[in-house]
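Indexing begins at 1, ligand by ligand and atom by atom, following the structure's order. No experiment lies behind these values; they were computed from the predicted model shown.
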Amino acid sequence: MKWISEITITGAQEHNLKNMDLCIPKNKLVVLTGVSGSGKSTIAFNTLQQECRRQYMESLGFHSEHISKPKVKSITGLSPAISVDQNNTNRNPRSTVGTITEILTKLRLLYAKIGVLKCPACGTQIRSLLSNINELEDIQEYDDNEDDYSDDADLITCPVCKKQIKALTIADFSFNNPLGACRRCGGLGYVSELKIDKLIKPERTIAQGAVTYWSESEKKMYTEVIQRAADYYGFTFNQDVPLCDMHEAAREIICYGVDSPKLLQLFPQKKAPSNIAYGRYIGAIPYMKRRLTQQRDDDRYKKQKEEYMTQEVCPECLGSRLNEHARSILLNGKSIDELCNLSIDQLFLTIKQLAENLDQSERVIFNSVFDTIDERLKNMIDLGLGHLTLNRSTPTLSAGEYQRLRLSSLLGSGLTGVLYVLDEPTVGLHQCDTARMIKILSRLRDMGNTILVIEHDVEFMKAADYIIDIGPGGGKNGGRVVACGTVDEIIRSKESLTARYIKNDFINIKKTRGRKGNESELTVLNASENNLKNVNVSIPLGKFVAITGVSGAGKSTLLFQIIARAAQNRFNNSHTVPGKHQDIIGWEHIDAVICIDQTPMGRISRSNVMTYTDIFKAIREIYAKLPEARLHGYEADYFSFNLPQGRCKRCQGEGTITVNMSYQDPVEIRCPVCKGKRYKKEILNIKYKGKSISDIFDLTIDEALQLFQDKTAICSKLQSLSNIGVGYLRLGQSSLQLSGGEVQRIKLSKELEKRKKGHVLYLLDEPTKGLHPYDVEKLLIILNELVDRGNTVVAVEHNIDLIQAADYLIDMGPGGGSDGGRIIACGTLDDIMQCNQSVTGKYFKKRVENEK
Ligand code: ADP
Ligand code: ADP
Ligand code: ZN
Ligand code: ZN
């Protein structure tokens with residue numbers, strides 16, 4: 001067979017791709033770049049990776065219908081692909097850094113094999129090494145699957161008192177197994193309780209919100225249900241008195257439901273009703289308990305969870321998740337939970353010491369896993385993850401940390417001939433760590449792999465073997481290869497936008513506007529959440545402020561877990577518990593707060609650009625006011641695809657229906673009734689300027705701007721979307737189909753539109769994420785405008801351009817995790833550069849020197 005040195009894509013047409021042809025050289029570090037929405041993810045994930053997956057399934061004997069073929073004429077030279085994107089979709093609280101890197105599995109093995117246990121009878125220390133070393137191989141196969149462990153362990157005999165003791169197994173150290181898990185928290189490390197006083201307000205009537213989470217319609221409905229229960233049991237129910245004055249049966253049903261033991265006591269002769277028609281209700285407290293112990297991901301759920309559940313470190317295991325027995329087993333004086341609470345940096349140094357007092361055969365076992373653990377830890381440190389602990393639960397990791405963690409596991413796999421696809425691996429990484437990231441990816445390449453990286457970081461591009469520039473614009477203005485080749489070749493391209501930025505990067509540092517601010521400050525006192533070391537810090541108001549520092553320094557903890565939460569509670573009626581701090585002073589200088597973090601906008605198919613930005617509401621009203629609509633009595637609700645009046649019955653306004661076929665993935669097809677138009681025929685007949693409501697979905701934002709030019713409210717929203725560079729998006733584009741950068745900017749535009757009165761404090765989490773330098777330029781214009789109008793913008797950032805544009809920097813560190821958590825320097829970039837301890841300062845100083 002001929003050696004194929006390239007992956008060749010021809011005729012790619014997925015999403016906005018314009019019949020794209022593309023060659024990706026193999027065994028190279030290739031950067032895919034271009035402005036936001038140009039089609040990078042489409043080519044990398046929806047085309048290349050999708051086709052890899054499909055071919056793989058086919059090779060396993062699944063037919064190709066099972067997994068859809070991307071719209072592409074052909075792809076040749078494909079390798080097996082592994083994608084490392086940024087979605088931390090892991091919501092399993094039992095998953096930790098230790099479990100997903102498998103370092104913990106190895107440590108458990110060590111402890112089970114060579115840990116020292118105490119005889120429960122006489123207290124003698126017993127080294128637990130089993131004679132049968134051959135078992136090792138078998139044991140290594142185990143994963144965290146709870147049911148896999150066997151219970152009948154061997155017995156060993158205490159050499160002193162001759163008592164028979166159960167030998168240790170891996171299960172004894174697993175918090176996902178009853179043998180090892182803390183009995184109090186079941187291995188979660190925390191205990192949750194419902195805040196009943198937040199849920200039930202006895203001094204209120206139902207209408208006043210006795211059950212705080214009931215909506216108006218729920219209040220009505222449950223009043224009716226309780227009335228029926230009253231009829232059934234035969235007690236009087238007065239809905240107009242406060243809960244505490246109601247008949248105790250009514251109160252009991254509302255709070256604990258008809259199955260509550262107390263109700264059975266009150267009416268021993270009555271069986272609980274089995275049907276809502278006779279008053280069946282499960283009770284507000286059991287309902288909330290059940291709802292909040294499930295794992296879900298939507299905003300409402302998260303909000304309720306924060307509002308109604310306390311989550312405290314388990315008082316029994318202090319968060320280690322393990323029971324006392326597991327924690328009592330030592331290796332050179334250290335227990336496994338101690339190791340799990342060390343930062344990876346410290347663990348890396350400590351792990352060698354465990355071998356200090358081992359005998360010959362114990363050392364054999366130790367050595368058999370040491371290299372693997374050592375290498376994995378080293379990889380993690382190189383990827384800027386030295387601040388994490390093995391005990392850290394996966395769902396709490398930031399997107400960037402999660403992606404780098406997955407990368408570190410892949411490095412250990414030793415695979416070759418693989419295509420790795422990565423999405424902006426530098427997210428959350430300090431500029432000074434980018435070089436290390438590049439080195440690691442180069443190592444992965446040198447092992448015989450192809451690395452395709454979506455990136456915007458100019459330094460990264462300069463280090464790449466090959467660059468592919470997609471564009472020139474976003475959406476329908478993109479989807480072409482503008483330039484490709486080595487850095488030198490790209491720079492020579494006249495059409496490439498990217499070329500300009502690579503060239504500029506060799507030029508000087510730009511000056512900030514150096515705004516004076518308004519002389520007032522917001523001051524946080526004694527912040528001590530996570531790794532923060534009693535931090536006192538003042539944020540000058542009326543300025544553009546960037547918080548900098550290496551990954552894990554404590555930036556997000558300070559800005560989001562503490563300041564943003566406190567601000568949301570104060571200004572936005574939120575009820576979250578801010579991270580630990582003594583006080584925040586200076587709120588009186590601020591009138592409103594807007595917080596734009598990394599949470600995705602409503603990730604449901606029914607949310608689209610129009611609904612998310614509230615433009616749709618205004619458009620529906622325009623349609624309802626048309627004479628033709630009034631004639632038929634079609635109110636605004638008739639033009640909603642989320643309400644039953646006007647939408648197509650068959651597809652419920654989705655325009656598509658999902659067909660489930662046996663043994664196959666469900667397939668989405670156009671709705672056969674409305675032909676994808678989402679509405680009933682009679683609704684489609686109502687036209688505004690010749691367009692039906694369904695036609696509106698297909699307009700781009702820029703087109704809609706024309707159509708609605710005489711409607712000021714709509715126009716102002718559309719204009720603000722267009723201004724931030726997403727004018728090419730279709731109004732009906734589902735929020736599921738937006739690129740990461742697009743989502744971020746739409747959120748920003750929506751918040752900016754709110755135009756609160758007075759002094760607004762904007763809190764942003766890495767706003768340049770997913771943005772090409774060209775997009776960053778546009779973003780900076782918006783942010784600068786906000787500050788020029790007298791507001792304050794505070795952003796956690798790593799992006800060089802943004803840092804340079806900031807009036808004031810707060811640099812945290814010096815390192816990550818326990819080595820961080822302090823304020824290293826504050827002031828202008830010049831001030832920071834004077835500070836020798838500041839990693840950020842040093843980085844910029846070096847850049848300046850290089851330019852000389
Ligand atoms: P990038 O990764 O370059 O930021 P994407 O490849 O995500 O851009 O998106 C390219 C274009 O395709 C964007 O305009 C985006 O809105 C659109 N798009 C993305 N996903 C879908 C989808 N599932 N259906 C239709 N259009 C999509
Ligand atoms: P940065 O934003 O500077 O990257 P973070 O504020 O995210 O840093 O993290 C600071 C420290 O706090 C790190 O050691 C991190 O692992 C830890 N940390 C952050 N979030 C959590 C959390 N939800 N639970 C436990 N530890 C956390
Ligand atoms: Zn516990
Ligand atoms: Zn339909």
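- In terms of polar-atom proximity, G39 is counted as a contact of ligand 1, with an N or O under 3.5 Å from an N or O of the ligand.
- In terms of protein heavy-atom proximity, atom 15 (C) of ligand 2 is closest to R392 NH1, 3.2 Å.
- Against a heavy-atom cut-off of under 4.0 Å, H387 is close to the following atoms of ligand 2: 13 (C), 14 (O), 16 (O).
- With distances taken over non-hydrogen atoms, the option nearest atom 4 (O) of ligand 1 out of G479, G34, G37 is G37.
- In summary, the side chains of N534 and S528 do not present any donor paired with an acceptor at a separation below 3.5 Å, with no hydrogens or angles considered.
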* Starting from the C-alpha separation in whole Å, work towards a yes-or-no answer on ring pair (Phe, Tyr, Trp, His ring centres under 6.0 Å) for Y501 and H456. => CA-CA 10 Å; Y501 293 96; H456 307 288; over 10 Å; no
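- Remark: among candidates Q733, H456, H15, E742, the nearest residue to atom 13 (C) of ligand 1 is E742, based on non-hydrogen atoms.
- If you number the atoms of ligand 2 from 1 as listed, the ones under 4.0 Å from a heavy atom of T557 come out as 5 (P), 6 (O), 9 (O), 10 (C).
- Note that CG of L349 is 9.5 Å distant from CG of L342, once rounded to the nearest 0.5 Å.
- Heavy-atom proximity to S551, at under 4.0 Å, picks out these atoms of ligand 2: 4 (O).
- Distances below 4.0 Å separate heavy atoms of K555 from the following atoms of ligand 2: 1 (P), 2 (O), 3 (O), 4 (O), 6 (O), 8 (O).
- For ligand 1, the polar-atom distance check finds an N/O of T42 within less than 3.5 Å of one of the ligand's N/O atoms.
- Every atom of ligand 1 with a heavy atom of S36 under 4.0 Å away is listed here by number and element: 4 (O).
- From the protein, the heavy atom lying nearest to atom 23 (N) of ligand 2 is T396 CB, 3.5 Å.
- Each of the following atoms of ligand 2 lies closer than 4.0 Å to a heavy atom of Q561: 20 (N).
- Below 4.0 Å from some heavy atom of S41 lie the following atoms of ligand 1, by number and element: 1 (P), 2 (O), 6 (O), 7 (O).
- Counting atoms of ligand 2 from 1 in the listed order, those under 4.0 Å from a heavy atom of A553 are 1 (P), 3 (O), 8 (O).
- Judged by the shortest distance from any of its heavy atoms, F45 lies outside the 4.0 Å radius around the atoms of ligand 1.
- Which parts of ligand 2 touch G817 is read off a 4.0 Å heavy-atom cut-off, strictly below it: atoms 14 (O).
- To the nearest 10 degrees, the angle centred on the Zn ion (ligand 3) between SG in C185 and SG in C317 reads 110°.
- Of all atoms in ligand 1, numbered sequentially from 1 with element shown, those under 4.0 Å from a heavy atom of Y728 are 14 (O).
- For the side-chain contact (heavy atoms from CB on, under 4.5 Å) with I454, the qualifying choice from V31, I470, D423, T33 is D423, the only one to do so.
- When non-hydrogen atoms are compared, ligand 1 lies under 4.0 Å from the side chain of L729 (C-beta onward) but not from its backbone.
- Considering backbone and side-chain atoms together, L388 places no N or O closer than 3.5 Å to any N or O of ligand 2.
- The distance from ligand 2 to the heavy atoms of V550 drops below 4.0 Å at these ligand atoms: 3 (O).
- Remark: among candidates G384, S556, S398, G319, the nearest residue to atom 2 (O) of ligand 2 is S556, based on non-hydrogen atoms.
- In summary, the atoms of ligand 1 found under 4.0 Å from a heavy atom of G475, numbered by their order in the structure, are 14 (O).
- Annotation: atom 12 (O) of ligand 2 to nearest protein heavy atom, N530 CB, 3.2 Å.
- Scanning the protein heavy atoms around atom 24 (N) of ligand 1, the nearest turns out to be Q737 CD, 3.3 Å.
- Angle SG (C182) to the Zn ion (ligand 3) to SG (C314): 110°, rounded to 10°.
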* Can you check side-chain contact (heavy atoms from CB on, under 4.5 Å) on L104 and F173, steps first, answer last? -> CA-CA 9 Å; L104 189 54; F173 301 96; over 6 Å; no
